[in-house]
Amino acid sequence: MNVWKWLTTPDPSSKYTTGKIGRIAARFFLFLVVVTLIQSLLAATPLRPYAASWWGSALVVFALYIPFARILILDTPGANRQAQSFGRGAAAKPSASAVRRKERNRFAGVRKGPPGGGRGGRR
């Protein structure tokens with residue numbers, strides 16, 4: 001199996017298994033390696049005094065967390081619920097608001113019948 005595919009696909013099990021914990025640890029380790037590499041590259045430039053400060057390091061970490069965020073939160077419980085709601089297939093049951101909207105718009109633009117509920121006028 002491709003390593004990148006293994007890292008970027010969420011684990012389907014709902015519990016924390018050893019495989020899921022391994023994936024989370026591998027993603028976190030990859031993030032740490034990239035941050036350390038960027039920090040060391042910045043230390044070789046004239047930006048060294050800024051990169052060596054606490055706020056410079058925090059800025060680099062936050063700037064790199066933005067692209068890594070999707071990968072890092074793949075196996076968290078909240079991310080699983082969100083991924084399931086976006087990935088619904090055609091066989092999924094529509095939401096209650098969608099059913100109400102469909103029923104409300106069912107007769108939109110249709111002319112009403114005569115008064116009395118279709119019995120031919122007043123009695």
Nearest heavy-atom neighbours spanning [X] and [Y]:
X   : Y   : answer
A26 : W6  : CB-CZ3, 4.0 Å
R23 : P10 : NH1-C, 3.7 Å
A51 : Q39 : O-OE1, 3.7 Å

Report the distance from atom [atom1] of [X] to atom [atom2] of [Y], rounding to the nearest 0.5 Å.
X   : Y   : atom1 : atom2 : value
L37 : L41 : CG    : CG    : 4.5 Å
L30 : W4  : CG    : CH2   : 6.5 Å
R48 : S40 : CZ    : OG    : 11.0 Å

Honestly curious: do [X] and [Y] fall in one hydrophobic cluster under the side-chain, below-4.5 Å linking rule?
X   : Y   : result
I24 : L74 : no
Y50 : I38 : yes
V34 : L42 : yes
W54 : V35 : yes

Practice problem: Scan for salt bridge (Lys or Arg N to Asp or Glu O under 4.0 Å) pairs involving residues 27-36, sequence neighbours excluded, and state none if there are none. | Solution: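 Of all non-adjacent pairs touching residues 27-36, those that pass salt bridge (Lys or Arg N to Asp or Glu O under 4.0 Å) are R27-D75.
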
Self-check item: Residue pairs involving residues 35-44 (criterion salt bridge (Lys or Arg N to Asp or Glu O under 4.0 Å); sequence neighbours excluded)
Solution: none

Which side-chain N or O atoms in residues 59-69 pair as donor and acceptor under 3.5 Å with protein atoms at least two apart or in another chain?
none

